[in-house]
Every structure is written in structure tokens, then in C-alpha cells.
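For reference, the structure is listed below as C-alpha cells.
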Amino acid sequence: MTNTAGDEAADLAAAQAGDDGAFARLYDRFAAVVLSLCRRWSLPEAEDATQETFIRALRHLKRVQSPDKLRPWLFGIARRVCSE
């Protein structure tokens, strides 16, 4: 299955409206790259940091103004989590 920008935009909008399935699809789309970023920090708790990243993202998802901002926003959260 190919993920397009349209799919990402639709999932973001649905997740912002409270659709758990849409948030799960966003998680599936970005979790591996967030985990990779957390591992670069050489964290033995990289998996925990990844989960914390998505917990925080879910809490504040309505802050994302457009789908093209989602990836850098998630990376910013991950960097903050890893630095804590």
C-alpha cells in the first residue's frame, strides 16, 4: 500500500477530529523513522522515547496546521523527549 500526501492529509484531519484509526495510521507511517531518530541519540530506551513522542503528539495534534508540517513537528517532539 502506497501512502500519498492526500492520505496523510486525510489521516491528519481525521485524527485531529478524534479518529483513533487515523492516528494509528499516522503512527504506522512515522514510528519507524521516529524510532531511528531516538536510536541516533544512543538511547537504550529508544522504544520508550518513541512511545512518549506519540503520546505527546496525540495530546497536541490540533497544533499541526498542515500535513507538510507533521513530520518536522514529530521530529521536534522526539528530540525534546530524547533530550530529557
Side-chain angles (χ1 to χ4, degrees):
M1 180 168 100
T2 303
N3 293 319
T4 66
D7 294 336
E8 192 171 303
D11 284 339
L12 175 59
Q16 288 174 324
D19 182 338
D20 292 334
F23 186 78
R25 288 187 296 277
L26 292 173
Y27 177 87
D28 290 343
R29 190 172 293 134
F30 293 109
V33 71
V34 169
L35 178 60
S36 176
L37 177 67
C38 292
R39 284 186 174 147
R40 279 190 229 155
W41 282 73
S42 299
L43 287 177
E45 307 87 11
E47 290 84 6
D48 292 340
T50 299
Q51 293 302 314
E52 181 62 25
T53 296
F54 282 94
I55 289 168
R56 292 182 190 188
L58 180 59
R59 268 190 228 132
H60 302 288
L61 195 59
K62 292 188 181 199
R63 293 181 180 176
V64 180
Q65 299 293 320
S66 66
D68 62 325
K69 306 275 192 234
L70 181 59
R71 181 184 292 256
W73 181 74
L74 284 170
F75 291 174
I77 294 171
R79 282 190 296 272
R80 280 190 297 282
V81 168
C82 290
S83 69
E84 290 175 357

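Remember, it's a predicted structure, so these values are computed and weren't measured experimentally. Atoms considered below: every heavy atom in the structure, side chains included; atoms not considered: hydrogens, waters and symmetry mates.
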- Query: Between CG of Leu58 and CD of Gln16, what distance do you get to the nearest 0.5 Å?
  - Reply: 11.0 Å
- Item | Nearest atoms (heavy-atom pairs only) where Phe23 meets Ala15 | N-CB, 3.8 Å
- Nearest heavy-atom pair of Leu61 and Leu12: which atoms, and what distance? CD1-CD1, 3.9 Å
- Separation of Arg25 CZ from Glu8 CD (nearest 0.5 Å): 12.0 Å
- Item | Contact summary for Leu70 and Leu26, nearest pair of heavy atoms | CD2-CD2, 3.8 Å
- Task: Would you give the length of the straight line joining atom OH of Tyr27 to atom CD of Gln51, rounded to the nearest 0.5 angstrom?
- Result: 4.0 Å
- Message: Test salt bridge (charged side-chain N to carboxylate O under 4.0 Å, His left out) on Arg29 and Asp11; report intermediate values, then the result.
- Response: CA-CA 10 Å; Arg29 190 172 293 134; Asp11 284 339; 3.2 Å; yes
- Could you grab the distance from atom CZ of Phe30 to atom CG of Leu35, nearest 0.5 Å is fine? 15.0 Å
- Closest non-hydrogen contact found for Thr53 with Ala78 is OG1-CA, 3.4 Å
- Message: If hydrophobic clusters are built by linking Ile, Leu, Val, Met, Phe, Trp and Tyr wherever their side-chain heavy atoms come under 4.5 Å apart, do Ile77 and Ile55 end up in the same one?
- Response: no
- In short, Ala31 meets Thr50 closest at the heavy-atom pair O-CG2, 4.0 Å
- Task: Measure the spacing between CZ of Phe75 and SG of Cys38 and express it to the nearest 0.5 Å.
- Result: 10.0 Å
- Message: Looking at Glu45 and Arg39, is any side-chain nitrogen of the basic one under 4.0 Å from a carboxylate oxygen of the acidic one?
- Response: no
- Salt bridge or not for Glu84 and Arg80, using N-O below 4.0 Å? no
